Amino acid sequence: MSETEKESSISIRPIDILLVEDSEADIVVTVRVFSKAKIKNRLFVVRDGEEALDYIYHQNQYADRNVFPTPHLILLDIRMPKLDGFGVLKRLKEDDQRKLIPVIMLTSSQNNEDVARSYGSGAVSFIQKPIHYEEFVTLVDGFNFYWNIINKLPHRGA
Amino acid sequence: MKSLRINIFYKLFISIILLVSSISIILSFWFTVNTQKLVLSELILRSNVLAKSISDSAVKGVETQNVFRSLNPLIQSAMGQKDIVYIHILDASGTVLASSQLETGTNFPKAPTREEDQLEVVSLIFPSATESITTSPTAVSIGSVRLGISLKHFHQNMLTTTLLSLLISGGVLIGGVCVTYVFVRRFSCRIRLLKEATERIESGVLETHVSVTRDDELGDLAITFNKMADALKSSTEEVAREKESLEERIVERTAELTAMNKELETFNYTVSHDLRTPLRAISSYASFLEKDCKEALNAVGQNYLSEIKKSVLRMTRLLDDLLNFSRMARVQNPYTATDMNQLVERIKNQIAADHPEKNMEVEIETYLPTVYCDLIKIEVVFVNLLGNAIKFSEKSGRVPKVNIGYRETENEHEFYVADNGIGVEPKFHAQIFGLFNRLHTEKEYEGTGVGLSIVKRVIEDHKGRIMVESELGKGAKFIFTIPKGQRPPERGT
């Protein structure tokens, strides 16, 4: 069996990811990295913690669930204006409906306390954003492979 | 052995009582004895005078032998005197001429029986012609008068006197006891007040004062005591105020330090997070430029681009090293007994494995001891020193040769890492340990100038010292010490 046959035999339904990120440059880089990856996930972007909550609870401009579906996964930055990543994480984990959405911290922080606090608050993974684009590409390939193929997520229908 | 504790009150009381009673006993004894002597001698004197006057009166009667008309009446009248028991008038031969007891004409016994409490006085009778020379030893007496005196009254008197003196000394004693009791009682009461006041002060009641009742030494003591209490109180208050202000200052200083630490944390965070974000943007856009617009860039543009990417790499390294340095300063790992031999051997093998292309000799010259230290940080020290030693020996034209050794001093473990590299000019010895200080350009030797700063920081955290022995072109020897018997400092991570 050839490699291509093997790959096509697995039915892949790319997951919807919510990226919570305030840095415009980081958004551009992240969107580009995800768009260039082998597995094309849908990436929805919000720019601070409050917007993130609006999106998740389908409020304000994110009220249309068809345009803005509930994400299967959240990529959450820590340092953001208005409401920071920990604030968002806390709100989600207090909500019985939303607490099952896996939250992955994607941040520039190398701080051990941030790592500990993230896991303590219910994050399932902590990823430090690489500085160099090439590293980022490698990282996202691995990330997509893991979350789309290896890992089983809740609320995924069939 | 525990000596019996006697109250000062009883001590004083008993001593004064003993003194008073001994004085009164001695006095009354002396008084009694003296009185006895005095009364007795007076009695004897009186008897002698009486005997003499009888003998004088009896001269005529003896000469005339007129017993009845002259001597008997004399005896009768003399017997009326007090205490007279008997009177004998004898002639020269000892024959009784007249007597109140004996018969006339009998011979007076040579050794007459005498009653116990009687006294006999004898007065010789001299003839009237020789009266003027009665004292002359040549004069011959014509008779004698013997007077018996009863001592009964005398003894009775003496008994009365003795009793009286005993009574008086008893009275003195009782009076003395009472006065002494009152006096000593009052005295010891004042002392007890002082003692209690002292105890109150000892227990911390510094407001304690004693009342000054008398103007005497104890009164002075009370005044001095009150002054002392006041001084103690004010100095204690002073100390308390001092302590309070000290505590305030400590609190302030702690707050300042906490704030500074907080700022440093923020700084750390800024370095790790905020500086990385723009750096990532630069790096990423440089990559986009390279990937998306390669054709639009000429050779010069591509050269610029590669310089940008190099700078980004260097900036990344700087940020990483800076973070490493501050982490070294902040994080405290538990101290463990570390086998330095094992540690250095492992680092040596690691370096050899990481750079198989490098030709070098690393030798552990002496056996290294087991040291109580922060293993993780000391590992960094050896990694940095060995890394430097190799780095700065590579271009010297010789095969890099690194020697690691140990020397034990009285209080310290002393390690050294020596190389045969390019060496350091003595005037730069102090400078090389500074953060970001470098003696070479990036082109000559890559690095950020943080390695030796971290080494110094770690060694100083261990309360050790680090120094360098080197001259330009003659290799360098880094020596550092770790005190023996180390315990980790109390510090949160």
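Keep in mind that this is a model prediction, so the values were computed, not measured. Each chain gets a letter, A, B and so on, in the order its sequence line appears, and its residues count up from 1.
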Taking NZ, NE, NH1 and NH2 as the nitrogens, is one of them in Lys291(B) or Glu134(A) under 4.0 Å from a carboxylate oxygen of the other?
yes
Taking atom NZ of Lys40(A) as the centre, report whether more than 12 heavy atoms of other residues, nucleotides or ligands fall under 6.0 Å from it.
yes
How long is the span from the CZ atom in Phe136(A) to the OG atom in Ser284(B), to the nearest 0.5 Å?
7.5 Å
Verdict with reasoning, Asp292(B) to Arg32(A), per salt bridge (Lys or Arg N to Asp or Glu O under 4.0 Å)
CA-CA 12 Å; Asp292(B) 300 352; Arg32(A) 180 175 167 128; 2.5 Å; yes
side-chain contact (heavy atoms from CB on, under 4.5 Å) between Gln128(A) and Arg276(B), intermediate numbers included:
CA-CA 11 Å; Gln128(A) 205 204 345; Arg276(B) 270 167 195 276; 3.9 Å; yes
Phe288(B) versus chain A, the contacting section by heavy-atom distance below 4.5 Å:
both
Atom CD of Glu24(A) and atom OG1 of Thr277(B): how far apart are they, to the nearest 0.5 Å?
13.0 Å
Start with the C-alpha distance between His132(A) and Thr316(B), add both sets of side-chain angles, then the distance that settles side-chain contact (heavy atoms from CB on, under 4.5 Å), and finish with yes or no.
CA-CA 9 Å; His132(A) 307 293; Thr316(B) 315; 3.5 Å; yes
Enclosure of Arg98(A) CZ (heavy-atom neighbours >12, cutoff 6.0 Å)
yes
Flag yes if more than 12 heavy atoms outside Lys391(B) fall under 6.0 Å of its NZ atom; otherwise flag no.
yes
Separation of Glu290(B) CD from Tyr133(A) OH (nearest 0.5 Å):
11.5 Å
Chi angles and distances behind the side-chain contact (heavy atoms from CB on, under 4.5 Å) call for Ile131(A), Met315(B)
CA-CA 10 Å; Ile131(A) 284 179; Met315(B) 182 76 177; over 6 Å; no
